[in-house]
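As structure tokens, the structure follows; a few thoughts come after it.
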Amino acid sequence: MQHLPNDTFDVLLDQFGQIKTVYGDPGFPAAKDVWGGNDTVTATVAALNAKLTIFGDDHTMLLGHSQGGNDTLIADIGGGWNTALVVGDTQAMIDDAKGGNDTIVADAGRTVYTTISAFGDAAGDMSGNAQGGNDDITGSVAWRGGANLFAGDTGGSMIDTSRGGNDILDVSVLTMDGEATVSGDAIGSLRGLAHGGNDNLTITLNGDSAISGGTLFGDSAESLMDFAQGGDDVLTAKLDGQYTNAVSQMYGDASTMVGNSHGGNDILNGGAGRDFMYGDARIYEPATPGSITGGIDTLNGGAGDDRMWGGGNSDFFTFNTGSGNDTIVDFDQGNKAIGSTAVENDLIDVQNYGFADWTALSNLIRDNAAGDAVIHLSANDSVTLDGVHAASLHPTDFII
């Protein structure tokens with residue numbers, strides 16, 4: 001196997017409208033057994049209306065058993081009205097190609113009207129038996145940025161038997177008027193027999209305005225289709241600000257699951273703002289009744305007034321003191337969305353509130369005017385079970 005050299009590049013964009021593309025391994029051979037160098041690229045943008053693109057290897061396709069290097073890519077964006085794209089390895093991956101274990105820092109937190117995107121392995125699709133590297137991506141976006149996209153593996157889709165790496169993504173929205181989309185594996189869909197990695201995603205939102213927002217997807221920002229399998233992911237939303245108006249949406253797998261797809265066993269941790277949490281997906285389109293499988297997910301909304309959907313399969317809903325007034329929309333009803341008649345056994349964990357036993361807790365459960373059971377955990381905290389009557393609840397529905 002041919003090994004390319006380890007290179008270091010320092011780049012400065014300090015002129016209005018400047019355009020620059022940097023490759024860690026320029027001229028990457030179109031061969032099937034090439035290993036990219038472990039390159040370091042540091043790019044600074046200090047001008048307005050600039051356009052920066054960084055590929056850890058090259059704007060090409062990794063073929064055969066080629067592998068991207070373990071690169072360190074840093075984009076430090078200042079000024080405003082800029083565009084930046086940082087890709088850990090290459091444009092596309094096919095066959096048995098593998099992405100490197102890359103470290104990406106994409107910082108646009110001091111800009112205005114800037115769009116920044118970072119993908120751990122490929123800008124386009126991963127197909128065949130391609131495999132993403134285990135990448136570490138840190139990003140920040142600022143005031144009125146555009147479509148800020150971050151993905152652990154690819155900005156396109158994962159197809160065939162491709163597999164995502166086990167990635168860590170940590171993105172901050174450092175403004176009262178901005179947003180970001182963060183996906184553990186792909187911005188596009190997972191199709192065929194593609195399998196998402198076991199990823200750890202964190203988004204930190206500015207809490208000074210409801211305009212601030214972000215969306216986390218454990219596997220795909222679009223859909224899981226065919227027989228695709230979601231990874232076992234951890235999604236966390238945090239709030240950094242004076243108020244609690246920022247809104248996050250969290251999908252353990254994808255916004256839509258189609259065909260015979262399978263959700264991973266995901267953990268969703270909400271912040272102090274308003275969280276909309278889906279253990280698997282929001283929309284289900286099964287090939288046949290029950291052909292979609294949900295994961296065994298754990299949802300914890302944190303503080304703030306949250307809405308939660310566990311999805312198909314039996315899930316855990318965890319509440320700690322100070323959890324706010326939350327709603328579980330599909331308690332023991334998630335399988336209906338995928339057309340399954342299998343009985344669910346969702347569990348509500350209220351151990352943190354220190355109830356002595358089921359009798360002490362049951363005395364605090366009663367129906368509201370709509371006929372929905374409301375669990376009054378404290379003077380300020382409650383859980384409403386949409387479509388569930390208090391009389392139908394039993395000790396086995398809770399972890400006390």
Side-chain angles (χ1 to χ4, degrees), residues 1-7 22-25 28 32-41 54-75 85-106 117-139 149-171 182-188 190 194-202 217-220 229-234 264:
M1 177 175 285
Q2 179 183 358
H3 289 258
L4 302 179
N6 303 329
D7 302 308
V22 186
Y23 305 108
D25 295 299
F28 197 103
K32 295 186 177 182
D33 295 292
V34 180
W35 195 311
N38 301 328
D39 308 306
T40 300
V41 177
I54 302 174
F55 283 91
D57 294 293
D58 201 352
H59 187 269
T60 185
M61 178 180 289
L62 292 186
L63 307 168
H65 291 87
S66 292
Q67 182 167 332
N70 302 325
D71 305 309
T72 300
L73 311 175
I74 301 172
L85 169 65
V86 185
V87 182
D89 295 292
T90 185
Q91 175 62 30
M93 296 167 57
I94 196 169
D95 300 330
D96 292 294
K98 294 183 179 180
N101 301 325
D102 306 307
T103 299
I104 297 175
V105 178
S117 297
F119 310 128
D121 297 288
D125 293 340
M126 293 170 56
S127 57
N129 196 40
Q131 182 171 331
N134 301 325
D135 306 306
D136 191 328
I137 300 175
T138 303
L149 305 175
F150 300 84
D153 295 289
T154 176
S157 296
M158 291 173 55
I159 309 169
D160 302 326
T161 56
S162 57
R163 187 179 183 95
N166 302 325
D167 307 305
I168 299 173
L169 294 90
D170 190 343
V171 177
V182 183
S183 176
D185 295 288
I187 296 298
L190 269 64
H195 198 305
N198 302 327
D199 306 306
N200 194 317
L201 288 66
T202 301
F217 301 91
D219 299 286
S220 166
Q229 168 77 52
D232 299 335
D233 307 305
V234 178

Would you say [X] and [Y] make side-chain contact, with heavy atoms under 4.5 Å?
X      : Y      : result
Leu149 : Phe119 : yes
Phe150 : Ile187 : no
Val41  : Ile74  : no
Ile94  : Leu63  : yes
Asp185 : Asp199 : yes
Met93  : Asp121 : yes
Gln91  : Phe55  : yes

Option passing side-chain contact (heavy atoms from CB on, under 4.5 Å) with Asp102 (candidates Leu73, Asp39, Asp136, Asp71): Asp71
From CD (Gln67) to CD (Gln131), nearest 0.5 Å: 9.0 Å
Quick one: CG on Leu62 to NZ on Lys98, what's the gap to the nearest 0.5 Å? 12.5 Å
Under 3.5 Å, is there a donor-acceptor pair linking the side chains of His195 and Gln229? no
Taking atom types as modelled and ignoring hydrogens, do the side chains of Thr161 and Asn129 form a donor-acceptor contact shorter than 3.5 angstrom? yes
Quick one: do Leu4 and Val34 satisfy side-chain contact (heavy atoms from CB on, under 4.5 Å)? Show the steps, please. CA-CA 8 Å; Leu4 302 179; Val34 180; 3.9 Å; yes
